[in-house]
Number of protein chains: 2
Amino acid sequence: MPLTRLRPIEHLSQVDKIELRLQEYLRNEEFNPGDPLPKEMEIAKALGVSRTAVREAISRFKMLGIIESRRNRGMVIRRPDVLRNMQRVMDPRLLDGDTMKDIFEMRLVVELGLAHILFRRKTPEFIEKLESIARTEDGTTDRIDLLKLDVDFHSALYQMSGNETIIRFQRMLMPIFDFVDSVILQKPRMNQPLNIATHWDLIEELKGGTPTGFMHKMESHLWYFFEKI
Amino acid sequence: MPLTRLRPIEHLSQVDKIELRLQEYLRNEEFNPGDPLPKEMEIAKALGVSRTAVREAISRFKMLGIIESRRNRGMVIRRPDVLRNMQRVMDPRLLDGDTMKDIFEMRLVVELGLAHILFRRKTPEFIEKLESIARTEDGTTDRIDLLKLDVDFHSALYQMSGNETIIRFQRMLMPIFDFVDSVILQKPRMNQPLNIATHWDLIEELKGGTPTGFMHKMESHLWYFFEKI
DNA sequence: TTTGAAATATATGTCGTACATATGTCATAC
DNA sequence: GTATGACATATGTACGACATATATTTCAAA
């Protein structure tokens, strides 16, 4: 028998264990936002540990936004922000290449899937916004500026979805996108197909076309990236 | 001027402030995984606070997976898991309805956008897996079992994408999906269009069709949910 | 009786110290 | 040169003290 994985021991510190206990406590007791929690000393007594350790563990849940506390009022359950905690670790410097590739691919997937939502929620104002960006692009030649305008265009599409979670999701992943973009741009240019869809093509489809047609054009538009990853 | 929002004061505790300082410190110093951090006492001295407070703040980063520490070896920067921290707060009980609706909608978006990836990464084994599930469905009448099989079918599609982040994303959101599903099922049944695509239709398209056609069928398949939210 | 100010009780927030524990370093012995 | 043991050091845990904010009670004045 190979010793390949002979150290699944994972020295958990006292605080880590307390965190786990609290996690399962919160889940099992089925707390709702606003519900009060036991006092720090009561928890410490119940677990047989010091208040210091309990506070270190609870401090973690405070960061997650699950627990809130005020002087003499005790602690209560709070409604957390789903994306905030993912945001905290969204740093290209900390993530590995494979994860970033996955995330970038997911962006492409979302953008393709967005088509139907867009047709449902499009308004003249949003269309005008897109056209404004495209017009600015027509009068720009600087490569960096164009990259920035491209980001603006796609951001505007997300805005149009009206889905706050998707919008924030995109904004959160922006640092990763920028990073992958810069990596892709450094690679030698590959031969693009001539019939690649432009931003104007997307706008026209959005104005008078169909979701399927839009998706087709978007696929063409993103083709370049699909091939790269 | 209305007093609508005249209390943006947000009493930040000492520990919260330390957390912010450390966050900006980590960002500005451009740490990479493996890089060592100053000692707890040095940080405490530099910030003019107690070691206790510093430890409470650092404890938070340990939960995020950004910092790791070992006795006498000091603290080092670590590669965090992006989804783990989002997972922690993914509890239907803690989130509000609007957020869950957004998340559910995003699932639909992802599933539509998945089409191209699926055609690129499909294999006979995966197709067989899908057919196996569909066959089981044909021999099942119990409503709960069918719901579970439906989840299995779509999970298998995610698996097929080969994108680990997307797979985990779907798995993470499962509790929300279940919740929304149960809510939708409780509503009075709406009249479905007769030409709604079945799982078999999706499989056929996947075997001999095109990404666009698959997306079209998937759209039809998910139409019911689209209308509900 | 009502009102309002002061005293009191209480739970969290911060701090300092002491000690436990693991780990790296170094000297000593063979 | 290797092994053993002593020592130094940074984190981990615990305890006690006090600060601070807030709820509750007390009590005096209107």
Side-chain angles (χ1 to χ4, degrees), chain A residues 6-23 25-26 29 31 33-80, chain B residues 6-23 25-26 29 31 33-80:
Chain A
L6 188 57
R7 59 175 50 232
I9 290 185
E10 274 289 337
H11 271 68
L12 285 182
S13 73
Q14 191 86 289
V15 175
D16 289 334
K17 292 180 200 160
I18 297 175
E19 180 199 322
L20 289 176
R21 286 298 178 86
L22 287 177
Q23 180 111 38
Y25 176 69
L26 293 179
E29 296 295 316
F31 284 104
D35 289 350
L37 268 70
K39 287 168 278 189
E40 291 178 352
M41 275 310 293
E42 290 175 359
I43 296 175
K45 286 279 184 191
L47 295 177
V49 297
S50 71
R51 185 162 87 103
T52 310
V54 170
R55 279 184 60 82
E56 273 194 36
I58 285 181
S59 177
R60 299 177 173 184
F61 291 98
K62 286 179 183 170
M63 175 167 64
L64 289 187
I66 292 181
I67 292 181
E68 187 182 21
S69 67
R70 294 179 66 183
R71 282 188 156 97
N72 194 34
R73 287 180 55 102
M75 301 181 287
V76 296
I77 296 295
R78 194 163 168 253
R79 205 185 284 290
Chain B
L6 188 58
R7 56 174 56 230
I9 290 185
E10 274 289 339
H11 271 69
L12 284 181
S13 74
Q14 191 87 286
V15 175
D16 289 333
K17 294 180 201 163
I18 297 174
E19 180 199 322
L20 289 177
R21 288 295 180 86
L22 288 176
Q23 179 109 40
Y25 175 70
L26 294 179
E29 297 293 317
F31 284 104
D35 290 348
L37 268 69
K39 287 169 276 189
E40 292 179 350
M41 274 311 292
E42 290 176 358
I43 296 175
K45 286 278 185 192
L47 295 178
V49 296
S50 70
R51 185 161 86 103
T52 311
V54 170
R55 279 185 58 83
E56 274 193 34
I58 285 181
S59 177
R60 299 177 174 185
F61 291 98
K62 288 180 183 168
M63 174 167 65
L64 289 188
I66 292 180
I67 292 180
E68 187 182 22
S69 67
R70 293 178 67 182
R71 281 187 157 97
N72 193 35
R73 288 184 53 97
M75 301 181 286
V76 296
I77 297 294
R78 194 164 169 252
R79 204 185 285 290

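These values consider heavy atoms only, across backbone and side chains, with no hydrogens, waters or symmetry-generated copies. What you are looking at is a predicted structure, and each value in this text was computed from that prediction instead of being measured.
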Kindly say if [X] contacts the phosphate of [N], meaning a side-chain N or O under 4.0 Å from OP1 or OP2.
| X | N | result |
| --- | --- | --- |
| Gln14(B) | dA19(D) | no |
| Ser69(B) | dG12(D) | yes |
| Lys62(A) | dT12(C) | no |
| Arg70(A) | dA21(D) | no |

Requested in this report: Please tell me which of Glu40(B) and Thr52(B) maps to the more 5' nucleotide of DNA chain D, matching each residue to the nucleotide holding its nearest heavy atom.
Outcome: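 The residue mapped nearer the 5' terminus is Glu40(B).
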
Considering only heavy atoms and no angle criterion, is a donor-acceptor pair shorter than 3.5 Å present between the side chain of Arg51(A) and the base of dG16(D)?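 It does not, because no donor-acceptor pair links the side chain of Arg51(A) to the base of dG16(D) below 3.5 Å.
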
Just the rounded figure in Å: distance from [atom2] of [N] to [atom1] of [X].
| X | N | atom1 | atom2 | result |
| --- | --- | --- | --- | --- |
| Glu56(A) | dT12(C) | CD | P | 17 Å |
| Arg73(A) | dA11(C) | CZ | P | 13 Å |
| Glu42(A) | dA11(C) | CD | C1' | 10 Å |
| Lys39(B) | dA8(D) | NZ | P | 15 Å |
| Leu12(A) | dT13(D) | CG | C1' | 16 Å |
| Leu47(A) | dT13(D) | CG | P | 13 Å |
| Arg55(A) | dG12(D) | CZ | C1' | 17 Å |
| Arg71(A) | dT10(C) | CZ | P | 18 Å |

### Query
So, are Arg78(A) and Asp35(A) salt-bridged, with charged N and O less than 4.0 Å apart?
no

Exercise. Is it true that Lys45(A) and Glu42(A) have a side-chain N and a carboxylate O under 4.0 angstrom from each other?
Worked result: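 No salt bridge links Lys45(A) with Glu42(A).
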
Can you confirm whether more than 12 heavy atoms, excluding those of Arg21(B), are under 6.0 Å from its CZ atom?
no

Next item on the list: Please answer whether the main-chain N or O of Ser59(B) pairs with a side-chain N or O of Arg60(A) as donor and acceptor at a distance below 3.5 Å.
Entry: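 Side chain of Arg60(A) to backbone of Ser59(B), a donor-acceptor pair under 3.5 Å: yes, one is there.
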
Please check if the side chain of Ser69(B) supplies one atom and the backbone of Gly74(B) the other of a donor-acceptor pair under 3.5 Å. no

